[in-house]
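To start, the structure under review is shown below, and the notes come after it.
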Amino acid sequence: MNALRELGGSATPEKARDQIARDLNLGSDVVTETRGKTGGKKFANEVAWARNYLAYEDLIDKSVRGVWTLTPKGMEVELTDEMASEIFFKWVNILKERREGNPDPTTMQNQSDKRLYWMYAPGEGSNMWNEFYDNGIMGIGWDELGDFKQYPTKESMKEKMKVIYGEEYSYKNAGHATWQFANEIKKGDIIFVKKGIKKIIGRNDYLMGGNQISVKTLDLGAEWTEIKTQLEGVAAMIAI
């Protein structure tokens, strides 16, 4: 989205890809890398998927062939890394369910027995990663909120944040994250740990399911798998 903004809000796919490559400081070896028997370009394919996810969210209009244009909503939204990750995993889950025979994303999102994938940052700059890795836990801040389960809605969490931490912020992302932590992450889900917007450093198959051992900590019931890889794909493209 930022790439399209830099190009005046609208561009051809080729110009959008060139701008993203510049923004990410990607070399020609990355941009021209091919894969599969057809020899399709990996970078172009990942940009196309990112564009599709943003179009599903009504942030990009792709109705005109050969032109990508930010919608009015897309022009207004400031896309954070957290929002980009949410969009990415949301549509990964929805499209997976469609392939498996459930075409209704609303139904999919409301079924508690469906495995979901989460992107998670353990503290600012992932500074809590070593502690969480050693203890097999997942933690989140906002201790002053007390027991997360006492809040009946996401809005009530955000209102309490305003009381405690000040009314100058909306706490939209923070309220969403704490609500998901307390109410939506469940047994069977897969959790990926990120550092920045490009690096995945860990993964956990959440086995316990809802075992909250403190105000802000979940016992995952399984050891973290440490991963050292760059997230060079769709989620990073969405963020850019």
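This chain uses plain numbering: 1 for the first residue, then up along the sequence.
Of the residues Asp219, Val193, Ile185, the one that meets the side chain to side chain contact (heavy atoms under 4.5 Å, CB included) test with Met138 is Ile185.
The salt bridge (Lys or Arg N to Asp or Glu O under 4.0 Å) contacts involving residues 56-78 comprise Glu57-Lys90, where partners must be two or more places apart or lie in separate chains. Evaluation of the salt bridge (Lys or Arg N to Asp or Glu O under 4.0 Å) test over residues 121-135, restricted to residues two or more places apart or in two chains, returns none.
The backbone N or O of Tyr206 lies less than 3.5 Å from no partner atom in the side chain of Lys187, so there is not a single donor-acceptor pair. Judged by distance alone, the side chain of Arg5 and the main-chain N or O of Gly74 form a donor-acceptor pair under 3.5 Å. Distance alone, capped at 3.5 Å, places no donor-acceptor pair between the Asn135 side chain and the Ile137 backbone. Without hydrogens or angle criteria, Ser126 side chain to Lys194 main chain gives a donor-acceptor distance under 3.5 Å.
For the atom pair OH (Tyr120) and CZ (Phe181), the distance works out to 6.5 Å, reported to the nearest 0.5 Å. For the atom pair OG of Ser10 and CG of Leu70, the computed distance is 8.0 Å after rounding to the nearest 0.5 Å. One finds the CH2 atom of Trp118 at 4.0 Å from the CD atom of Gln180 (value rounded to the nearest 0.5 Å). With values rounded to the nearest 0.5 angstrom, Arg203 atom CZ is found 4.5 Å from Phe192 atom CZ. To the nearest 0.5 Å, atoms OG1 (Thr225) and CD1 (Ile191) are separated by 11.5 Å. Between the CD1 atom in Ile87 and the CE atom in Met119 there is a gap of 12.5 Å [rounded to 0.5 Å].
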### Task
Take Phe148 and Met157, measure what side chain to side chain contact (heavy atoms under 4.5 Å, CB included) needs, and give me the verdict at the end.
CA-CA 8 Å; Phe148 291 167; Met157 276 188 161; 3.7 Å; yes
### Steps toward side chain to side chain contact (heavy atoms under 4.5 Å, CB included) verdict (Lys42, Asn45)
CA-CA 5 Å; Lys42 179 181 176 182; Asn45 185 58; 5.8 Å; no
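The ring pair (Phe, Tyr, Trp, His ring centres under 6.0 Å) test applied to Phe132 returns no partner, not counting sequence neighbours. The side-chain hydrogen bond (donor to acceptor under 3.5 Å, both in side chains) check on Ser156 picks up Thr153, with sequence neighbours excluded. Under the rule for a side chain to side chain contact (heavy atoms under 4.5 Å, CB included), the partners of Glu14 that lie at least two apart in sequence or sit in another chain are Thr12, Arg17, Asp18. Lys41 meets the salt bridge (charged side-chain N to carboxylate O under 4.0 Å, His left out) test with no other residue; sequence neighbours excluded. Considering only residues two or more places apart in sequence or on other chains, Glu6 meets the side chain to side chain contact (heavy atoms under 4.5 Å, CB included) condition with Asn2, Gln19, Asp23. With sequence neighbours excluded, no residue forms a side-chain hydrogen bond (donor to acceptor under 3.5 Å, both in side chains) with Trp224. Ala11 is linked by a side chain to side chain contact (heavy atoms under 4.5 Å, CB included) to Leu4, Leu7, Lys15, counting only residues two or more places apart in sequence or in another chain. Listed by chain and residue number, nothing satisfies the salt bridge (charged side-chain N to carboxylate O under 4.0 Å, His left out) test with Lys160 (two or more places apart in sequence, or in another chain). For Glu155, the salt bridge (charged side-chain N to carboxylate O under 4.0 Å, His left out) partners are Lys158, not counting sequence neighbours.
Using a 4.5 Å cut-off on side-chain heavy atoms (C-beta onward), Ile60 and Thr71 make no contact. Put simply, the side chain of Asn173 does not reach to within 4.5 Å of the side chain of His176, judged on heavy atoms.
Ala16 and Ala3 get closest at one heavy-atom pair: O-CB, 4.3 Å. Across Trp68 and Arg51, no two heavy atoms sit closer than the pair NE1-NH1, 2.6 Å. Here the closest heavy-atom approach between residue Gly66 and residue Pro13 is recorded as O-CD, 3.2 Å. The shortest heavy-atom contact between Glu144 and Ile164 is O-CD1, 3.4 Å.
Hydrophobic cluster membership for Val67: Val64 (Ile, Leu, Val, Met, Phe, Trp, Tyr linked by side-chain heavy atoms under 4.5 Å, directly or transitively).
Using a 30° and 60° split on the angle between ring planes, Tyr133 and Trp129 fall in the tilted class, from 30° to 60°.
Two rings, from Tyr165 and Trp142, have their centers less than 6.0 Å apart.
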